[in-house]
Amino acid sequence: MFNLKWVLLDSIKDCKNLRIFRQIHAQLVTSGLVYDDFVTSKVMEFFANFVEYGDYACDYLEQGNTRLGSFPFNSLINGYVGGEFPQTAVSVYRRMVRDGFVPDMFTFPVLLKACSNFSGSREGRQVHGVVVKLGLLADLYVQNSLIRCYGACGDLSCAGKVFDEMVVRDVVSWNSLISGFMKAGHFDEAISVFFRMDVEPSIATLVSVLAACARNGNLCTGKGIHGVIERRFKVNLVLGNAMLDMYVKNGCFYEAKKMFDELPTRDIVSWTIMITGLVQSDHPKESLELFSMMRTLGISPDAIILTSVLSACASLGTLDFGTWVHEYINQRGIKWDIHTGTAIVDMYAKCGCIEMALQIFYSMPQRNTFTWNALLCGLAMHGLVHEALDLFEVMTISGVEPNEITFLAILTACCHSGLVDEGRKYFENMSKLYNLLPKLEHYGCMIDLFCRAGLLEEAVELARTMPMKPDMLIWGVLLNACTTVGNVELSHRIQDYILELDHDDSGVFVLLSNISAINQRWSNVTRLRRLMKDRGVKKAPGSSVIEVDGKAHEFVVGDISHLQTEEIYKVLNLINSVYHESH
DNA sequence: ATAGGGTTAG
């Protein structure tokens, strides 16, 4: 039978713009369906797609005023929650109250979700107050939403208070509290909440707790949970990925590879976990190989996986591949955000294309500390010292908080150009102005800076008085400086001190024997070699990477493992002979 | 109402 209500509902569903809606509106008025709660809430779902029609939507609701409940308003609020401007949901709520509608127990969960999405701590608190006044605090959904909202805003003491005062808690209450701790980076607390649970955990619980184990390196708990899952749960894609990530982030590549191969279904997230894991554990070459394999299978990369791939290109210096990724993003119109933008800036900067790095940097709508760091490190690395120092000033003026990595870039820049006074100033400002404790690397920079400026005594003094033990890099800087200025006495004192520390780091031995060789203390070189053998120290070979046709090749000194070794050496010898002829 | 992947240094 012909039913106008259902016909109109259909047209609302298909409605694309306000012009078409006006025609539907007319029919809604003549048929009296403007007073129908359900139809009106569908109208609101349409309006929620267009933030700019918010007032129109509210006007529409006011027409039906006396005959409508709060259901349509809830729909409108709900429509804005997941959008770009969740604050709009709060404005609609305000108008709802102003127009005399009474919010109900369905209003608050959506409203609180909106507050969570824009971290509206203040708004969340106000909503909490209204909930208490209206006597709705006893509702489980409202309570859980409050926990989520406080958690998302980082206000964990409030989240905990709501949680503690609940008489009946369900699994969502526990999960919401756990997510709150996760968002705040309190992984240990998240795990400890999990162990206090008195209801059966859900898949969502396990996913969160595995994420906590991934992030704080708690392999033991992670394995335990893996065991529980195998015995009692059906693994879905998300949970499988969570387990995979836990193993990868804990460095268990054997387990991870096995799990990856055995996953019944893999999606882009599974690939991202593997590729990111390889980049972050210092295997960028392998990560690019895996990426190529994924492409071979016809899977289209998204912005997130490309961010990791760019990071791999940056550490390998593979400009061709990196540029390809950048062009791929542009050509496919892949939407990229601050993470991806930062990775592009970093890639160009590390590959020496400072111009491109700057161009991308300035074209970005938003920049955070990471973005600035990528650029500043690039500038410092390429000796553009004054550019780096000037940009640092711009950074602080624009209100982006520097972190310890920012200062590492700045101090490196000072070090490269021997700016002792500036270096001292920045080093001091780190703790004074920005509350950042200098770490080993910062002390290393200062020591290097002093050495280069010929302030050897001050350098040694800093190495001796700094709050942590100098590493072999710092010793190397000091010893090199001793050699350069010919301070044999100081050099001997430092070497004796190093040997007392009982290192099993091959770098220390290589360093010491090099220094001895330079000073022609051959007996010492022999003594060190023996010491090295006694302590079972093995030297890891240094390797180089070269990009050919977008593929990264790694090699060591005298390497003959490549299939085309013969040709490679022929070309090398040719280059060498040409070089010698021209000199 | 609760659930997965990404950026800076070393």
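Keep in mind that this is a model prediction, so the values were computed, not measured. Letters go in sequence order (proteins before strands), and every chain restarts at 1.
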Gap between atom CG of A:L288 and atom NE2 of A:H283 - 0.5 Å precision:
13.5 Å
B:dA3 C1' sits how many Å from A:L244 CG, rounded?
16 Å
Carboxylate-amine/guanidinium contact A:E200 A:R232, below 4.0 Å:
yes
Within the 4.0 Å heavy-atom criterion, would you say A:L237 contacts the bases, only the backbone, or no part of the nucleic acid?
base
How would you summarise protein contacts on nucleotides 5-10 of chain B per nucleotide, using B for base, S for sugar-phosphate only and - for none, with heavy-atom distances below 4.0 Å?
BBBBB-
Take atom CE of A:M259 and atom C1' of B:dG4, then tell me their distance rounded to the nearest Å.
14 Å
Measure CZ/A:R169 against C1'/B:dA1 and give the value in whole Å, please.
16 Å
Quick one: list whatever passes side chain to side chain contact (heavy atoms under 4.5 Å, CB included) with A:F361, sequence neighbours left out.
A:V345, A:R367, A:T371, A:W372, A:L375
Applying side chain to side chain donor-acceptor pair (under 3.5 Å) to A:N403 and not counting sequence neighbours gives A:N373, A:T406
Whole-Å gap separating C1' (B:dA1) and CZ (A:F163)
14 Å
Run the ring-centre check on A:F260 versus A:W271 and record whether the distance is less than 6.0 Å.
yes
When rounded to whole Å, the CG to C1' distance for the pair A:L206 and B:dA3 reads 10 Å
Taking the six-membered ring for Trp and the full ring for Phe, Tyr or His, determine whether the centres of A:F407 and A:F392 are under 6.0 Å apart.
yes
